[in-house]
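Got a structure for you, questions after.
No hydrogens, no waters, no symmetry mates; every other heavy atom, side chains included, goes into these values.
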Amino acid sequence: MSKRKHTKPHGQIRQSQLITSFGPGSMLDLPDHSALIGGLDSWSTGGDEIMEPRLVDKLKDLFEPPLQNLKLFSPPPDNDDPTAPQTGITAWQFPEWFMTQDVDKDASDGNVRARMLIHRRRLTKGKFIDDDRKKRSVVPVRFVRACRNGHIGDIDWYSFTHNEETDCRRQLWMEERGTTGDINELFVRCECGKTRPFAEAVGFSTRALGHCDGGRPWLGPASRERCNEPNRLLIRQASNAYFGQVMSVISLPDRNEDLREAVESVWDFIGQADDEGEIKYERKKEKVNKVLEGYTNYEVFNEVKIRKGQSAQAKKSVKQAEMETLVASKDELGDDKPDGNFFARNLPREHWDAPWMKDVERIVLVHRLREVMAQVGFTRFEAVSPDIDGELEMGVRRAPLAREISWLPAIENRGEGVFIQFNSEAVQNWVARNEVRARGERLLAGYEAWKAEHTGATKKFVEEGGLLPYVLFHSFSHMLVTAVSLECGYPASSIRERIYTIPDVGYGILLFTGTSDAEGTLGGLIQVGRKIHEHIRSALEMGELCSNDPVCAQHQPANQHERRFLHGAACHGCLLISETSCEQHNEFLDRSLVVPTVDNLGIEFFKLAGK
């Protein structure tokens, strides 16, 4: 009886990496190959369905037309059972051009090192057999072409070398004419005598690599669509080769029932309200305010309208729903169970009260949380981050994950966190100061310079006037991540942030860990949260001085020479952290809004005692 052969896969990666760094359309170096991860059509089944209705509802509307039966599944897991059906992900060999590893002595001269460019069709069992019947090892060529729409393909090496369409198919060589490895020392030479500096491929404005043919090889070798973009040079291992577009939500306990009961019990007082102002007036009555404690005027009025049949419940943004839940807890929120999705507990003020904490309104220790992340598409060259409300931008040019989308890959992470809520009145008073507004004008000038270079790109929160509060708390969050990581037991790259700046609800930051393994639930952030006032003081003191001052503190966002348009006083010496932690790819940062700097602008939000 013959045994069923179980083919060993060429490589393995973690499930969480399949929706971030190595999703459909990404390039991956395997031990003996370079490959392009195939689309969802080529993934085997076997992943578990992940239930998160709030995320599914958001993702449906990102497609045109909206997807009604969209589901989320985890990537297919590895199966160690040799008798079970094989699971896995198809990867296409890419690129198809290779370069010999050894230097060709006959073609090299002095400081010039020449290596042959070989197409896949000329290989035999992964080796190139030359005219002397010698087997020569090859490696995939480092350079490919791509466009901003995510299309990708091999460089037409013959046309590039001859600087025109040609029928010449003589041997091509990649020559290094120097010792630094710089791209300016690379030349492509044909045996017919034509030679061209490879540096000419760098500037896409010269159209040296031609126009994109719309190739989508991750969806199959023949998959193409119309595209008018110029080709750009892309290095396979470069950090800008692939940006997975991911949307995430934190699973929340249902608090609508509690809100409905609260509104019902005081209906005689608020039932005739026509706006939020009347709700605010009625809450001056002690009985009404006690019942509605923990709910914003916006939430209460929205529930009143629903009860009166005047409107359907408005769809809340991702972060608005999270913020409303986090600020709603009076003592505890959620279920304290080992398999629970969410459990948070307020930390009494006497545990963290200090002079520099006067504008902090609430500290919430989130003992358990569940984050669900799903990939929608991907981009190349430039990342497209979610807006500050957690929503992905509509109409963004994202490359598809499959020919026909019926499901999306997702993962769920479990972890813990610390939530800090700030006093809304203090924030609004700070924003109203003239010197703060003047700083906002300079930050806005940098944003306009950035927008001029990114045609069609906008940030909704900037356009709506929410730049200053976001930059303030985003910068403070980065300071706190650095300070907390020194003692909490997690590396800084494992601590992530969510910034909440929602005028109708409040202002706050959530630092949390969330991984699919044990690193997300060690308890370190909860212990840090019990002494959060000490860590906040350390963060503020460290932020006052940067090793690059005064250059860092005096940086002007609109400076065309430095080209750091979305930075104020921010650099690698002070605010920039791991991009796995930051929700805006280390942009929209300025520590001068948080603490006094050597430039002494007097616009800081926080005041340390004795300073």
Considering residues at least two apart in sequence or located in another chain, which fulfil the side chain to side chain donor-acceptor pair (under 3.5 Å) criterion with Arg380?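 Expected list: none.
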Would you call Asp590 and Arg439 a salt bridge, using N to O less than 4.0 angstrom?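 Yes, Asp590 and Arg439 are salt-bridged.
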Nearest 0.5 Å, what's the CZ-CZ distance between Arg442 and Arg437?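 Reported to 0.5 Å precision, the distance equals 14.5 Å.
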Looking at residues at least two apart in the chain, or sitting in another chain, which of them share a side chain to side chain contact (heavy atoms under 4.5 Å, CB included) with Lys358?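 Once residues adjacent in sequence are excluded, Lys358 has no partner under the side chain to side chain contact (heavy atoms under 4.5 Å, CB included) criterion.
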Quick one: CD on Gln554 to CG on Asp549, what's the gap to the nearest 0.5 Å?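 Gln554 CD to Asp549 CG: 8.0 Å, rounded to 0.5 Å.
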Does Arg368 pair with Glu416 as a salt bridge, N-O distance under 4.0 Å?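 No.
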Going through the distances and angles, do Glu562 and His555 end up as a side-chain hydrogen bond (donor to acceptor under 3.5 Å, both in side chains)? CA-CA 9 Å; Glu562 296 187 42; His555 166 69; 3.0 Å; yes
Please state whether the rings of Phe422 and Phe605 are parallel, tilted or perpendicular, taking 30° and 60° as the class boundaries.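 Judged by the thresholds at 30° and 60°, the geometry between Phe422 and Phe605 is perpendicular.
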So, the side chain of Arg362 versus the backbone of Val327: is there a donor-acceptor pair under 3.5 Å, distance only?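 Yes: the side chain of Arg362 pairs with the backbone of Val327.
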How many angstroms lie between CG in Asn184 and CG in Leu186, if you round to the nearest 0.5 Å?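 Asn184 CG to Leu186 CG: 8.5 Å, rounded to 0.5 Å.
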What I want to find out is whether Arg370 reaches Glu52 closely enough, with some N-O distance under 4.0 Å, to be called a salt bridge.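 Yes, this pair counts.
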Enter the distance from Ile502:CD1 to Ile499:CD1 here, rounded to the nearest 0.5 Å.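 It comes to 11.5 Å.
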Are more than 12 heavy atoms, taken from residues, nucleotides or ligands other than His211, located less than 6.0 Å from that residue's NE2 atom?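 Enclosed: over 12 neighbouring heavy atoms sit under 6.0 Å from NE2 of His211.
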Taking the six-membered ring of Phe378 as reference, does the NZ or CZ atom of Arg398 fall below 6.0 Å from its centre and within a 45° cone about the axis?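 No.
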Carboxylate-amine/guanidinium contact Arg148 Glu382, below 4.0 Å: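 No salt bridge links Arg148 with Glu382.
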Taking the side chain as every heavy atom from C-beta outward, state whether Ile495 and Phe512 have any atom pair closer than 4.5 Å.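 Result no, sub-4.5 Å side-chain heavy-atom pair not found.
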As a quick check of understanding, evaluate side chain to side chain contact (heavy atoms under 4.5 Å, CB included) for Glu604 and Leu593, giving each step before the final call. CA-CA 5 Å; Glu604 62 277 3; Leu593 299 180; over 6 Å; no
Glu225-His151 side chain donor-acceptor pair, cut-off 3.5 Å: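 His151 and Glu225 do have a side-chain donor-acceptor pair below 3.5 Å.
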Would you say that more than 12 heavy atoms from the other residues, nucleotides or ligands in this model lie under 6.0 Å from the CD of Glu435, or not?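 Enclosed: over 12 neighbouring heavy atoms sit under 6.0 Å from CD of Glu435.
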Just how far is it from atom CD of Gln421 to atom CG of Asn423, taken to the nearest 0.5 Å?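 Reported value, rounded in 0.5 Å steps: 8.5 Å.
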Quick one: do Lys319 and Glu583 make a salt bridge, cutoff under 4.0 Å?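 Salt bridge flag = yes for Glu583 with Lys319.
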Any side-chain heavy-atom pair from Thr296 and Glu276 closer than 4.5 angstrom?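 Sidechains of Glu276 and Thr296: no contact.
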For a quick test of reading the model, state the closest non-hydrogen atom pair linking Leu234 to Ala241 and the distance between them.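 Minimum heavy-atom separation between Leu234 and Ala241: CD1-CA, 3.8 Å.
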Mind checking ring-ring contact (aromatic ring centres under 6.0 Å, His included) for His533 and listing every partner two or more places apart, or none if nothing turns up?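 His533: no ring-ring contact (aromatic ring centres under 6.0 Å, His included) contacts found.
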Non-hydrogen atoms of Arg498 and Glu322 that approach each other most closely: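 For Arg498 and Glu322, the tightest heavy-atom pair comes out as NE-OE1, 2.9 Å.
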Output yes when Lys451 and Glu448 qualify as a salt bridge under the 4.0 Å nitrogen-oxygen rule, no when they do not.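 Salt bridge present between Lys451 and Glu448.
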I'd like to know if Arg496 pairs up with Glu371 as an ion pair, taking the criterion as any Lys NZ or Arg NE/NH1/NH2 lying under 4.0 Å from an Asp or Glu carboxylate oxygen.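 Salt bridge: yes.
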